[in-house]
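Throughout, protein chains are lettered first and strands after them, A, B, ... in sequence-line order, and every chain is numbered starting at 1.
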There are 2 protein chains.
Amino acid sequence: MRGVNARCPPRAASGAAPPDTSFLESLIGYNARRAALAIIARVLPTLQPHDLRVVEFSVLTVIAHNPGITSRQVCAALDILPPNLVGLLRRLEQRGLVEKRAHPGDRRAQGLYVTAQGEQVQRQAQQAVAAVETDEATHLNAAERATLIALLRRIYQGNGAGTTR
Amino acid sequence: MRGVNARCPPRAASGAAPPDTSFLESLIGYNARRAALAIIARVLPTLQPHDLRVVEFSVLTVIAHNPGITSRQVCAALDILPPNLVGLLRRLEQRGLVEKRAHPGDRRAQGLYVTAQGEQVQRQAQQAVAAVETDEATHLNAAERATLIALLRRIYQGNGAGTTR
DNA sequence: TATTGTTATACTCTATAACTATA
DNA sequence: TATAGTTATAGAGTATAACAATA
């Protein structure tokens with residue numbers, strides 16, 4: 001880590017050496033955020049043909065893999081606040097990708113299911129996302145991917161208390 | 001990766017087994033985003049006493065480590081769009097943490113500098129952030145941290161083209 | 001013609017309070 | 001009293017177009 005104020009002369013306005021970002025680059029949070037944004041930037045055009053945003057794809061995927069899941073469970077799984085899920089579900093429902101059914105045993109809740117069309121869209125999108133993630137977006141081999149994911153998971157699943165939200 | 005539609009019976013409304021998120025957890029983008037959010041959630045209260053948001057801390061740090069840097073260079077380094085930096089700098093300037101000076105050789109540009117107070121705030125905040133990152137937020141040892149950061153950097157710095165933005 | 005810094009603006013994402021109906 | 005789903009709303013964060021001054 002370099003000194004905070006080396007008091008070097010003023011830098012040129014353009015075409016100069018890259019600025020010193022060494023401290024930020026020593027932070028996991030900084031690097032994780034930059035990496036996530038870089039990958040999302042590559043995944044976005046992949047989801048665009050399916051008219052899905054990243055969050056919508058995540059919600060659709062969780063519902064597809066967990067038929068009958070409730071809104072609250074989707075919120076807990078994806079760290080989404082309930083009020084923000086309402087609009088997401090409404091859009092997926094209006095597009096005919098998701099449907100709600102009465103929940104047996106709890107008349108407050110509703111079971112979420114993907115429709116036949118929703119299942120098809122989800123399957124195609126999942127395949128496209130998986131392809132981008134493994135091939136283009138990351139310049140890592142399988143072993144490096146596995147290592148990276150295991151380390152990342154230990155951070156956000158942690159050993160003790162969960163996230164603040 | 002499990003089947004998309006196993007057509008299992010409806011899930012209980014609460015207190016049930018955790019939903020299947022295995023596909024999302026196989027994605028680097030998903031895990032990187034979750035990890036970044038988890039760490040930021042821990043860093044936020046650390047920056048709060050200094051009345052700094054994460055982006056403000058990043059900007060202040062880059063200016064402190066690169067006296068005389070221009071707005072455009074800060075934008076390029078942190079992937080911030082110029083219009084969005086204006087308000088950030090205005091606030092840091094009004095708080096007396098950053099100051100602009102005429103840029104020698106280019107009358108369009110302005111050199112950015114931290115004030116004495118800005119340097120002090122930045123140093124304290126940097127120390128606090130570094131402490132949280134290494135100790136509490138991540139449950140990793142030094143070697144694991146180094147591995148993780150190296151892998152993340154390869155993703156967003158990539159081998160070829162940069163990010164879309 | 002291109003670039004720096006800027007304004008205005010819009011759109012997305014995230015967060016909080018409060019309501020209803022059920023439990 | 002607590003929970004599921006919802007509404008309304010506020011606040012960040014992020015995006016584009018367009019302008020004046022300068023290169």
Side-chain angles (χ1 to χ4, degrees), chain A residues 10-16 33-34 36-38 40-41 44 47-48 51-59 63 68-93 98 100-112 163-165, chain B residues 10-16 33-34 36-38 40-41 44 47-48 51-59 63 68-93 98 100-112 163-165:
Chain A
R11 308 172 57 83
S14 65
R33 183 164 181 279
R34 293 294 297 262
L37 289 175
I40 287 175
L44 276 179
L47 291 177
Q48 200 168 357
D51 194 18
L52 287 175
R53 286 171 298 171
V54 175
V55 203
E56 292 173 334
F57 169 71
S58 299
V59 171
I63 295 174
I69 193 172
T70 66
S71 288
R72 291 311 264 238
Q73 289 176 310
V74 173
C75 286
L78 296 180
D79 210 2
I80 297 174
L81 292 171
N84 297 330
L85 184 64
V86 176
L88 285 171
L89 286 180
R90 181 154 41 213
R91 183 156 183 267
L92 293 175
E93 213 179 351
V98 165
K100 300 175 181 176
R101 302 184 204 160
H103 195 284
D106 191 339
R107 279 185 297 173
R108 297 172 302 181
Q110 309 170 61
L112 299 172
T163 62
T164 306
R165 285 187 272 175
Chain B
R11 309 169 59 82
S14 63
R33 184 165 180 277
R34 293 294 297 261
L37 289 175
I40 287 175
L44 276 180
L47 290 177
Q48 200 169 356
D51 194 19
L52 287 175
R53 287 173 295 171
V54 174
V55 203
E56 292 173 335
F57 169 71
S58 299
V59 171
I63 296 175
I69 194 172
T70 67
S71 288
R72 292 309 266 238
Q73 289 176 311
V74 173
C75 286
L78 297 180
D79 212 0
I80 298 174
L81 292 171
N84 298 330
L85 185 64
V86 176
L88 285 171
L89 286 179
R90 181 156 40 215
R91 185 157 182 264
L92 293 175
E93 212 179 351
V98 165
K100 300 175 179 174
R101 302 183 203 160
H103 194 285
D106 191 338
R107 278 184 299 172
R108 296 173 303 182
Q110 309 169 62
L112 299 171
T163 62
T164 305
R165 285 188 273 171

Checklist entry - Short question: side chain of B:E56, backbone of B:R53 - any donor-acceptor pair under 3.5 Å? => result yes
Testing the basics here: between [X] and [Y], what is the closest heavy-atom pair and its distance to 0.1 Å?
X	Y	value
B:C75	B:L85	SG-CD2, 3.6 Å
B:V74	B:I69	CG2-CG2, 3.7 Å
A:L47	A:V54	CD1-CA, 4.0 Å

Check whether any side-chain N or O of [X] sits under 4.0 Å from OP1 or OP2 of [N], and answer yes or no.
X	N	answer
A:R72	D:dA4	yes
B:R107	D:dA23	yes
B:R53	D:dG13	yes
A:K100	D:dA4	no
B:R90	C:dT7	yes
B:Q73	C:dT4	no

Quickly work out the [X] [atom1] to [N] [atom2] distance and round it to whole Å.
X	N	atom1	atom2	value
B:Q110	D:dA23	CD	C1'	15 Å
B:H103	C:dG5	NE2	P	8 Å
A:R108	D:dT6	CZ	P	14 Å
A:L37	D:dG13	CG	P	13 Å
B:L88	C:dT6	CG	C1'	14 Å
A:R33	D:dA12	CZ	C1'	12 Å
B:I40	C:dC13	CD1	P	16 Å
A:I80	C:dA15	CD1	C1'	14 Å

Considering only side-chain heavy atoms of [X], which listed nucleotide, [options], is closest?
X	options	value
B:V86	C:dT12, C:dT4, C:dT6	C:dT6
A:N84	D:dT14, D:dT16, C:dT14	C:dT14
B:P83	C:dT22, D:dT6, D:dT16	D:dT16
A:L81	C:dT16, C:dT4, D:dA15	C:dT16

Checklist entry - Between A:V54 and A:G105, which is nearer to the 5' end of DNA chain C once each is assigned its nearest nucleotide? => result A:V54
Checklist entry - In terms of side-chain geometry, is the basic nitrogen of A:R33 or B:D79 positioned less than 4.0 Å from the acidic oxygen of its partner? => result no
Checklist entry - Which part of the nucleic acid, if any, lies within contact of A:R91, taking any heavy atom under 4.0 Å across all strands shown: a base, the sugar-phosphate backbone alone, or nothing? => result nothing
Checklist entry - Could one point to a donor on the side chain of A:D106 or the base of D:dA4 with an acceptor on the other under 3.5 Å away? => result no
Checklist entry - Are any of the side-chain heavy atoms of A:V59 and A:I80 separated by less than 4.5 Å? => result yes
